[in-house]
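See below for the structure under consideration.
Computation of the quantities below employed the complete heavy-atom set of this structure, encompassing side-chain atoms and omitting hydrogens, waters and symmetry-equivalent molecules. Remember, predicted model here, so these are calculated numbers, not experimental data.
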Amino acid sequence: LNAYTFEVKDKVSEQVDLIVAPYQTGLTSGNVTLNFKHLLSRVGFKVLSSDAAANVNIAIRSITLHGSFPTTGDVDITEVTDGLPAIENKREPKDGYTLFEGSDCFQISSTECATAETAKPIYANMTVSDDTYTAKYTKADGETDDDLAKKLADAEAKRYMMIMPCTMPADDAYIEVQYQLTSDKVRKAKVDLPSFEFKAGYAYEFILKVSASAIVFDATMSTDWESAGIPADPLPLTPEN
């Protein structure tokens, strides 16, 4: 099978990575070395508190990546450009992906993520009803601390959006966040992604910077699969209310 159609699922929890080994010709022995490549872009989020304020919790209630993202494309492993099989005929655009589903959310103490080294991955570790937060993962009867740690590690490992590579025109893409500090009201903020390109095989980590004393966000981008470059300036994420 050299060619096939791939679809990115609407729900982040159902998305999977797309890894292929480019087609090889001229092989002269019975041994074949397969060099697998990522064809999608991986997007993750972390939170960083600018203040280690006692008794202040940061809750991320919603994160949505807005834009125009193709969801379906055709892959032919015999057609290789710059070492990667290309996804062609991209189609069926979707206007965004939301990280959480239903009542899922993320909450952390500001003291746990107060330095760049301790910025924490954002994933569904809580559920929320009004302003009541409940741990999503707990120890069942007979389980150990290690069992709970594994549940959390598995949930954290599934925190990424997998999107089809594309370029966002200026003013077309932005991140929208709903968040809450302890008992403060739920607020909404956004950051624009000016003329942003999501490249095949690259991982993007957006870091949301929160002040526990004044409601301020910043966002920066880093990578961990391959270097996609880092913006010279933080992207301001400004509260709307």
Side-chain angles (χ1 to χ4, degrees), residues 7-17 40-48 58-72 90 92-108 113 119-131 133 136 155-181 184-199 202-210 215-223 228 231 234-241:
E7 179 186 4
V8 177
K9 299 296 185 181
D10 288 345
K11 293 183 178 180
V12 173
S13 62
E14 297 176 356
Q15 292 174 353
V16 295
D17 195 6
L40 301 182
S41 301
R42 191 183 78 178
V43 178
F45 302 88
K46 288 184 176 181
V47 62
L48 171 64
I58 299 169
I60 307 297
R61 297 182 53 144
S62 174
I63 297 180
T64 302
L65 178 63
H66 291 275
S68 181
F69 302 95
T71 60
T72 304
K90 298 176 185 177
E92 299 180 28
K94 177 179 173 60
D95 61 6
Y97 295 101
T98 297
L99 186 62
F100 300 134
E101 298 173 20
S103 61
D104 286 352
C105 63
F106 175 80
Q107 188 185 63
I108 192 171
C113 55
K120 289 296 190 291
I122 296 173
Y123 65 99
N125 69 343
M126 292 277 180
T127 59
V128 63
S129 176
D130 295 324
D131 292 336
Y133 294 88
K136 184 174 181 179
E156 181 178 327
K158 298 174 183 177
R159 69 187 179 92
Y160 299 104
M161 296 177 180
M162 297 292 182
I163 65 176
M164 201 162 286
C166 56
T167 299
M168 295 291 106
D171 303 323
D172 194 35
Y174 62 97
I175 299 170
E176 184 177 61
V177 180
Q178 292 187 25
Y179 64 97
Q180 184 177 32
L181 298 183
D184 188 29
K185 69 177 182 179
V186 178
R187 299 175 183 269
K188 183 166 66 174
K190 65 180 289 188
V191 58
D192 292 321
L193 302 178
S195 190
F196 201 91
E197 181 181 6
F198 293 97
K199 298 181 180 181
Y202 286 75
Y204 300 83
E205 193 83 58
F206 292 97
I207 303 172
L208 307 180
K209 185 178 179 182
V210 185
I215 311 296
V216 176
F217 272 80
D218 286 326
T220 57
M221 184 270 288
S222 60
T223 62
L235 304 174
L237 187 60
T238 306
E240 295 181 347
N241 57 4

Can you confirm whether [X] sits close enough to [Y] that some side-chain heavy atom of one is under 4.5 Å from a side-chain heavy atom of the other?
| X | Y | answer |
| --- | --- | --- |
| Pro93 | Thr71 | no |
| Phe106 | Val128 | no |
| Ile60 | Val177 | yes |
| Ile175 | Thr64 | no |
| Val43 | Ile163 | yes |
| Lys188 | Tyr179 | no |
| Lys94 | Asp10 | yes |
| Thr98 | Ile63 | no |

[X]: side chain to side chain contact (heavy atoms under 4.5 Å, CB included) partners, not counting sequence neighbours:
| X | result |
| --- | --- |
| Cys113 | Val47, Ser49, Ile58, Ile108, Lys120 |
| Pro165 | Leu40, Ser41, Ile87, Lys90, Ala200 |
| Asp104 | Phe100, Ala124, Thr127, Lys136 |

Would the distance check show the side chain of [X] and the main-chain N or O of [Y] forming a donor-acceptor pair, the cut-off being under 3.5 Å?
| X | Y | value |
| --- | --- | --- |
| Glu7 | Thr72 | no |
| Arg42 | Tyr202 | no |
| Gln15 | Met162 | yes |

Applying ring-ring contact (aromatic ring centres under 6.0 Å, His included), can you list everything that pairs with Tyr174, at least two apart in sequence or on another chain?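 With neighbours one apart ignored, the set is His66.
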With sequence neighbours left out, write down each residue that passes ring-ring contact (aromatic ring centres under 6.0 Å, His included) with Tyr97, or none if nothing qualifies.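 Per chain and number, Tyr97 pairs via ring-ring contact (aromatic ring centres under 6.0 Å, His included) with Phe69.
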Closest approach of Ala119 and Lys46, non-hydrogen atoms and distance?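 Closest approach of Ala119 to Lys46, heavy atoms only: O-CD, 4.0 Å.
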Can you sort out the partners of [X] under side chain to side chain donor-acceptor pair (under 3.5 Å), two or more places apart, ordered by chain and number?
| X | answer |
| --- | --- |
| Ser13 | Glu101 |
| Ser68 | none |
| Gln180 | Arg61, Asp131, Tyr133 |

